[in-house]
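Here is the structure we will look at, set down as structure tokens.
So you know, we letter chains A, B, ... as the sequences are listed, proteins then strands, and number each from 1.
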Amino acid sequence: MKEFKDIVAHAKEYGFIFPSSEIYDGLQAVYDYGQNGVELKNNLKQAWWKAMNQLHDNIVGIDSAIFMHPTIWKASGHIDSFNDPMIDNKDSKKRYRADNLIEDRASEYEAKGDFTKSETLLAEMNRLLEASDLKGLQELIISENITCPVSKTANWTEVRQFNLMFSTQVGSVAEDSTTLYLRPETAQGIFVNFLNVQKTGRMKVPFGIAQIGKAFRNEIVARQFIFRMREFEQMEMQYFVRPGTELQWYEYWKTTRFRFHKALGLPEEDLKFHVHEKLAHYANAAVDIEYRFPFGFKEMEGIHSRTDFDLKSHQEYSKKKQQYFDNDLDENGKAYGNYVPFVVETSVGADRLFLAVLCNAFTQESVQDGDQVKDRTYLNLHPALAPVKVAICPIVKKDGLAELGTRIYKELKSEFMATYDEKDSIGKRYTRQDLIGTPYCVAIDYQTIEDQTVTIRHRNSTQQERVTLEELKTILRETTSLSTLLNSM
RNA sequence: GCGAAAGUAGCUCAGCUGGUAGAGCGCGACCUUGCCAAGGUCGAGGUCGCGGGUUCGAACCCCGUCUUUCGCUCCA
């Protein structure tokens, strides 16, 4: 039985994920990647990067800054929609958006035919929202005698502002400083570089820009280990297309991205699409790829048809045209000409993908050993993703086997992430490698001295085979390289 | 943010009605060892999450706080 707490404990015990600042009691919803975690994560990021930029002729990458001009967040809609005034009912313990409560009351007036009262109320609410008058909002809720739908009481807390973007000051003198936000998504860095990349890369629509980077959200409740963190990493690709073709490309990316996750080793039955019923302000179609985490099916990747909302909005706010001239001919033989491209976005949480892969790899099984049944735990990671590819283990230290093992290890390590281990019994060493997902252990024994052959022990089956050093290298090259993984998509 | 539970060695945990900390595994050194968590010897490691209070005396009782888990809530 795969218990989530066992996976979390395993992640810490074997150097994958540590709580941030642990010796100071930790910092809520922030985690560090350990020596094995960073290797696995880097491999995942590289797999994604290559699947985008290397496998697609018309996708290129960028790496934009975390700090961006504050107006970008006005244009993107984050300043408005990431700021929610919240109020709690003390009796039912339920939390509501203060503006929603007032809007509901306005609808009730309208239902009764009292449009004047409704309009006055909404106008007053908007005035208070504009002025960020939280006290006023609370007074309005009380004076309207709005009650909690659950407890039916008006026993409210104060209205509090939940800003989901982190802000910081730039400039040493307080009065001259500017408030900057830590980006809540990496997508905007792509949108504002759309023309730079298109022009300098001579890109033709359709084309994509990919980016991997940190993003920050001040989540009210951050939970479930690294699933929802305040600082997290996104892998986003914005695909710019001719208006009217966006839904075709949306379908293309849906299937392409699904294949990617399967290639990483996530089983099809643990993956599913979840189509959004309620669309965000910028989208005309949206779907999530969900993975069956131990705590249920949850979003891992989002694929959104974002229309021309973002580029148009930046055009408006920046007063710089965000147009593309399309020389291709339409069915009437006329060039498509100038337009603002539509965008299909694929956005994966790197940490969520990491968690999905880790949960999937975590394997506990009972194996027959003579007439005993023993428990065995290992990480069934794709060899291309495993932090360590091969462990070199001399069967004993004496009689020159340690020296021979060291020599073989040195020969392999420039090409493969390898490790050398001569401590403890061979079985214990195999187990240590199983626990971090190393696909191969190579035993050096007396026969190695005679004929330069070694035995490879396979992680999943625990079966061994005897091969020459050259054969060993071939096996490692063929199975542990990312191109193997990319070819399976 | 609300409610509930938990926090003792790297891990899993024991520690009675309050009397100043233990086990197993793991870790390090050495010895032994010919293939799936072997054995021996020695050793390192804890101001019992943190702060305050009650008490002659607190891991244990009380208050606060931090962190984690679960349930609500939130998730452009």
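Remark: P of B:rC36 and CD of A:E365 are 17 Å apart, rounded to the nearest angstrom. Rounding to whole angstrom units, NE2 of residue A:H10 and P of B:rC25 are separated by 20 Å. Distance CZ (A:R432) to P (B:rG26): 10 Å, rounded to an integer number of Å. One interatomic measurement links the two molecules: CD of A:Q464 to P of B:rC36, which rounds to 8 Å at whole-angstrom precision. Following rounding to the nearest Å, A:M229 (CE) and B:rC74 (P) show an atom-to-atom distance of 23 Å. The CZ atom of A:F227 sits 10 Å away from the C1' atom of B:rC75 (whole-angstrom rounding). Atom CG of A:L435 is separated from atom C1' of B:rC11 by 12 Å (rounded to the nearest Å). For A:H274 and B:rC75, the NE2 to C1' distance is 13 Å, given to the nearest whole Å.
Using atom C1' as the reference point in both B:rC11 and B:rC27, the two lie 11 Å apart (nearest Å). Only the C1' atoms considered, B:rU20 is 13 Å distant from B:rG46, to the nearest whole Å. Atom P of B:rG52 sits at a distance of 45 Å from the matching atom of B:rG40, rounded to the whole Å. For B:rG22 and B:rA44, the P atoms lie 14 Å apart once the distance is rounded to whole Å. B:rG3 and B:rG10 have their P atoms separated by 33 Å, given to the nearest Å. The same atom, C1', is picked in B:rC60 and in B:rA6; the two are 15 Å apart, to the nearest Å. Taking atom C1' in both B:rG51 and B:rU67, one finds a spacing of 15 Å when rounded to whole Å. Distance check on atom C1': B:rC74 versus B:rG64 gives 28 Å, rounded to whole Å.
Look at B:rA14: it lacks any Watson-Crick or wobble partner with both distances under 3.5 angstrom. Checking B:rA37 for Watson-Crick or G-U wobble geometry (two distances, each under 3.5 Å) identifies no partner in any strand. Searching all strands for a Watson-Crick or G-U wobble partner of B:rA58 with both distances below 3.5 Å returns nothing. The partner of B:rG3, taking Watson-Crick or G-U wobble pairs whose two distances both stay under 3.5 Å, is B:rC70. Under the Watson-Crick or G-U wobble criterion, with both distances below 3.5 Å, B:rC42 is paired with B:rG28. B:rC48 is unpaired under the Watson-Crick or G-U wobble criterion, no partner having all donor-acceptor distances under 3.5 Å.
Sequence neighbours left out, not one pair with a member in residues 280-289 of chain A passes salt bridge (Lys or Arg N to Asp or Glu O under 4.0 Å). Sorted by first and then second residue, the salt bridge (Lys or Arg N to Asp or Glu O under 4.0 Å) pairs with a member in residues 416-426 of chain A read A:D421-A:R432, A:D424-A:R432; sequence neighbours excluded.
Every salt bridge (Lys or Arg N to Asp or Glu O under 4.0 Å) that A:R306 has, sequence neighbours left out, goes to A:E185, A:D310, A:E345. Contacts of A:Y239 classified as side chain to side chain donor-acceptor pair (under 3.5 Å), with partners at least two apart in sequence or in another chain: A:N58. With sequence neighbours excluded, the residues satisfying side chain to side chain donor-acceptor pair (under 3.5 Å) with A:T438 are A:Q433. For A:T363, there are no side chain to side chain donor-acceptor pair (under 3.5 Å) partners two or more places apart in sequence or in a different chain. In this structure A:S425 satisfies the side chain to side chain donor-acceptor pair (under 3.5 Å) test with no other residue, sequence neighbours excluded.
For the segment residues 287-299 of chain A, the set of residues with a heavy atom within less than 4.0 Å of an atom of RNA chain B is empty. Contacts between residues 390-401 of chain A and RNA chain B, defined by a heavy-atom separation below 4.0 Å, involve A:I395, A:K398, listed by number.
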Donor-acceptor contacts, no H, no angles, side chain residues 384-393 of chain A, under 3.5 Å, sequence neighbours left out:
from, atom 1, to, atom 2, distance (Å)
A:K389, NZ, A:P383, O, 2.9
A:K389, NZ, A:A384, O, 3.0
A:K389, NZ, A:A386, O, 2.8

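The environment of A:M68 atom CE is dense: over 12 non-hydrogen atoms of other residues, nucleotides or ligands sit within 6.0 angstrom.
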Check: protein-nucleotides 38-48 of chain B nitrogen or oxygen pairs below 3.5 Å:
from, atom 1, to, atom 2, distance (Å)
B:rA38, OP2, A:S425, OG, 2.7

I'd like a list of close polar pairs between nucleotides 6-10 of chain B and the protein, N/O only, cut-off under 3.5 Å.
from, atom 1, to, atom 2, distance (Å)
B:rG10, O2', A:E13, OE1, 3.4

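Side chain of A:Y31, nearest nucleotide from B:rA37, B:rU69, B:rC35: B:rU69. Among the nucleotides B:rC35, B:rG34, B:rC74, the one closest to any side-chain atom of A:A443 is B:rC35.
Between A:F191 and A:H314, the two ring planes are tilted [angle within 30° to 60°].
Judged by distance alone with a 3.5 Å cut-off, a donor-acceptor contact links the side chain of A:D445 to the base of B:rC35. Counting distance only, with no hydrogens placed and no angle test, the side-chain atoms of A:R228 and the base atoms of B:rC75 include a donor-acceptor pair under 3.5 Å. One donor-acceptor pair, N or O on each side, does fall under 3.5 Å between the base of B:rC36 and the side chain of A:R457.
The main-chain N or O of A:Y14 is found under 3.5 Å from a side-chain atom of A:N36 such that the two form a donor-acceptor pair.
A residue-by-residue look at A:F232 and A:D434 shows that A:D434 has its nearest nucleotide of RNA chain B further toward the 5' end.
Residue A:D434 is tested with A:R459, A:K428, A:R457, A:R429 for a salt bridge (Lys or Arg N to Asp or Glu O under 4.0 Å); the sole match is A:R457.
Here A:H10 and A:F362 bring their ring centres to under 6.0 angstrom of each other. Between A:Y291 and A:F293, the distance separating the two ring centers is shorter than 6.0 angstrom.
Figure legend: A:K74 and A:Y317 shown without cation-pi pairing, the cationic atom not lying both under 6.0 angstrom from the six-membered ring centre and within 45 degrees of its axis.
Residues A:Y33 and A:I226 are in side-chain contact: their nearest non-hydrogen atoms beyond the backbone lie under 4.5 Å apart.
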